[in-house]
Amino acid sequence: MARLSFREQVLRVREDAIVSSVNRLLADKGFDLMTVDEVAADVGIAKASLYKHFASKEALAAAAMVRLLERLLAILDQQAARPGVSAFQRLEAVIRWALAQQLAGEMPTVPSQNSTLRAELMANKVYLELLLQVSERLGAWIQQAQAEGDIDPALPAEVVLFTVYARGCDPVPAFLKSSGSFSDEQITDWVMTICLRGLRPGR
């Protein structure tokens, strides 16, 4: 692999800082309330400099979603490497990770109905490829868990997949945390129990 020039290294570090900032702001405020000005101020660069890296607010959000999928894929790799672990246990670990990210303020949230953002994501080949990889691997675990009797086989695998994805934007954990009455561990355990019990076959 060719070594990056000093300028390329500086640009990469700056882009990483920008994406990290966007990730935090999306987790804290959401896409609609986040502004490009806020991102530039948080990173400590001029707005014009930010636009040299990302052409729009939508492009910033897309970069954050790519980063999220890369992190999730690494978690899937870790789970796949665990010996003697069932598919259901792997899914459980992924959901627990997503909840932990949300409670730590590290899970970016973007609206599903924003047409300009959706167009940006659908045009991003890296995002689409990562999303496909993640969905295929989770889908395989879901089907395996259904075959092993750990998830109700009457549930369409797609419904289970979206249920898993939805834990990353579930408003319940943040609401419970804002009350100050419960620990992150308690909140995670309760949400996990409610979610996973609903996926179990009827007894």
Side-chain angles (χ1 to χ4, degrees), residues 16-44 47 50 54 56-76 78-79 88-118 120-121 127 130-131 134-135 138 142 151 155 158-200:
D16 284 343
I18 292 170
V19 175
S20 294
S21 174
V22 172
N23 190 88
R24 288 193 304 272
L25 289 168
L26 286 174
D28 181 49
K29 308 182 74 169
F31 178 79
D32 291 332
L33 295 180
M34 182 189 79
T35 67
V36 176
D37 292 285
E38 284 179 308
V39 177
D42 188 52
V43 178
K47 187 176 178 180
L50 187 148
F54 300 98
S56 65
K57 177 179 172 179
E58 288 77 13
L60 287 168
M65 296 308 294
V66 166
R67 172 80 59 86
L68 172 63
L69 289 175
E70 289 172 341
R71 291 164 57 207
L72 178 52
L73 202 55
I75 295 299
L76 298 185
Q78 291 176 13
Q79 292 304 314
F88 186 82
Q89 290 172 318
R90 291 191 172 103
L91 289 168
E92 188 176 23
V94 170
I95 295 172
R96 187 172 290 276
W97 173 83
L99 290 171
Q101 295 300 302
Q102 190 190 62
L103 288 167
E106 295 293 333
M107 180 65 73
T109 57
V110 296
S112 60
Q113 302 302 318
N114 184 294
S115 59
T116 56
L117 177 57
R118 179 175 176 79
E120 182 74 34
L121 291 171
Y127 169 81
L130 288 170
L131 182 61
V134 168
S135 297
L138 288 174
I142 289 166
I151 293 179
L155 293 171
E158 185 179 30
V159 170
V160 181
L161 177 63
F162 286 128
T163 298
V164 172
Y165 277 143
R167 300 290 66 77
C169 55
D170 187 343
V172 172
F175 177 79
L176 292 175
K177 183 167 184 170
S178 69
S179 74
S181 302
F182 313 110
S183 68
D184 286 3
E185 185 176 357
Q186 286 176 312
I187 294 169
T188 299
D189 286 343
W190 290 329
V191 174
M192 292 280 294
T193 298
I194 293 168
C195 171
L196 296 177
R197 186 174 293 170
L199 297 177
R200 293 287 194 177

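Heavy-atom basis, side chains included; hydrogens, waters and symmetry copies ignored. Nothing fancy with the numbering, it's 1 onward along the sequence.
Distance check: Glu185 CD to Leu103 CG gives 11.5 Å after rounding to the nearest 0.5 Å. Remark: Leu50 CG to Leu60 CG distance equals 5.5 Å, nearest 0.5 Å. Going from atom SG of Cys169 over to atom CD of Gln102 covers 7.5 Å, rounded to the nearest 0.5 Å. Here the straight-line distance linking atom CG of Asn23 with atom CE of Met34 works out to 10.5 Å at 0.5 Å rounding. Distance check, rounded to the nearest 0.5 Å: CZ of Phe88 to CG of Leu199 gives 6.5 Å. To the nearest 0.5 Å, atoms CG (Leu117) and CE (Met65) are separated by 8.5 Å.
Closest of all the heavy-atom pairs between Val134 and Leu73 is CG2-CD1, 3.9 Å. The nearest pair of heavy atoms linking Met107 to Ala98 is CE-O, 3.6 Å. When all heavy atoms are compared, the tightest approach of Val22 to Ala64 is CG1-CB, 3.8 Å. Between Ala61 and Val110 the shortest heavy-atom distance is CB-CG1, 4.4 Å. The heavy-atom pair separating Leu72 from Val94 by the smallest distance is CD1-CG1, 3.9 Å. Summarising the geometry of Ser21 relative to Val43, their closest heavy-atom pair is CB-CG2, 3.7 Å, with the distance given to 0.1 Å.
Looking only at side-chain heavy atoms (C-beta outward), Thr163 and Leu155 stay at 4.5 Å or farther from each other. Side chains of Gln79 and Leu91 form no contact here, defined as non-hydrogen atoms less than 4.5 Å apart. For the pair Tyr165 and Leu138, the minimum side-chain heavy-atom distance is below 4.5 Å. Taking the side chain as every heavy atom from C-beta outward, Arg71 and Glu106 approach each other to under 4.5 Å. Between Asp42 and Arg24, some side-chain heavy-atom pair lies under the 4.5 Å cut-off. For the pair Ile95 and Glu92, the minimum side-chain heavy-atom distance is 4.5 Å or more. Counting heavy atoms from C-beta outward, Ile151 and Arg200 have side chains that stay 4.5 Å or more apart. At least one side-chain heavy atom of Val19 sits under 4.5 Å from a side-chain heavy atom of Phe54.
Using a 4.0 Å cut-off between charged nitrogen and carboxylate oxygen, Lys29 and Glu38 count as a salt-bridge pair.
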side-chain contact (heavy atoms from CB on, under 4.5 Å), that's the test. Do Met192 and Cys195 meet it? Break it down for me. CA-CA 5 Å; Met192 292 280 294; Cys195 171; 5.9 Å; no
Working note: Asn114 + Thr116, criterion side chain to side chain donor-acceptor pair (under 3.5 Å); need CA distance, chi angles, decisive distance, verdict. CA-CA 6 Å; Asn114 184 294; Thr116 56; 2.8 Å; yes
Working for side-chain contact (heavy atoms from CB on, under 4.5 Å), residues Leu131 and Ser135: CA-CA 6 Å; Leu131 182 61; Ser135 297; 4.0 Å; yes
Asp16/Arg67 under side-chain contact (heavy atoms from CB on, under 4.5 Å): CA gap, chis, key distance, verdict: CA-CA 10 Å; Asp16 284 343; Arg67 172 80 59 86; 3.4 Å; yes
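Sparse packing is recorded around CZ of Arg118, with 12 or fewer heavy atoms of other residues, nucleotides or ligands lying under 6.0 Å away. No more than 12 heavy-atom neighbours from other residues, nucleotides or ligands sit within 6.0 angstrom of CD on Glu158.
With sequence neighbours left out, the side chain to side chain contact (heavy atoms under 4.5 Å, CB included) criterion links Val172 to Asp170, Leu176, Val191.
Judged by the 6.0 Å and 45° rule, Lys57 forms a cation-pi pair with Phe31.
Under the 3.5 Å distance criterion, the side-chain polar atoms of Lys47 are left unmatched by any main-chain donor or acceptor of Val36.
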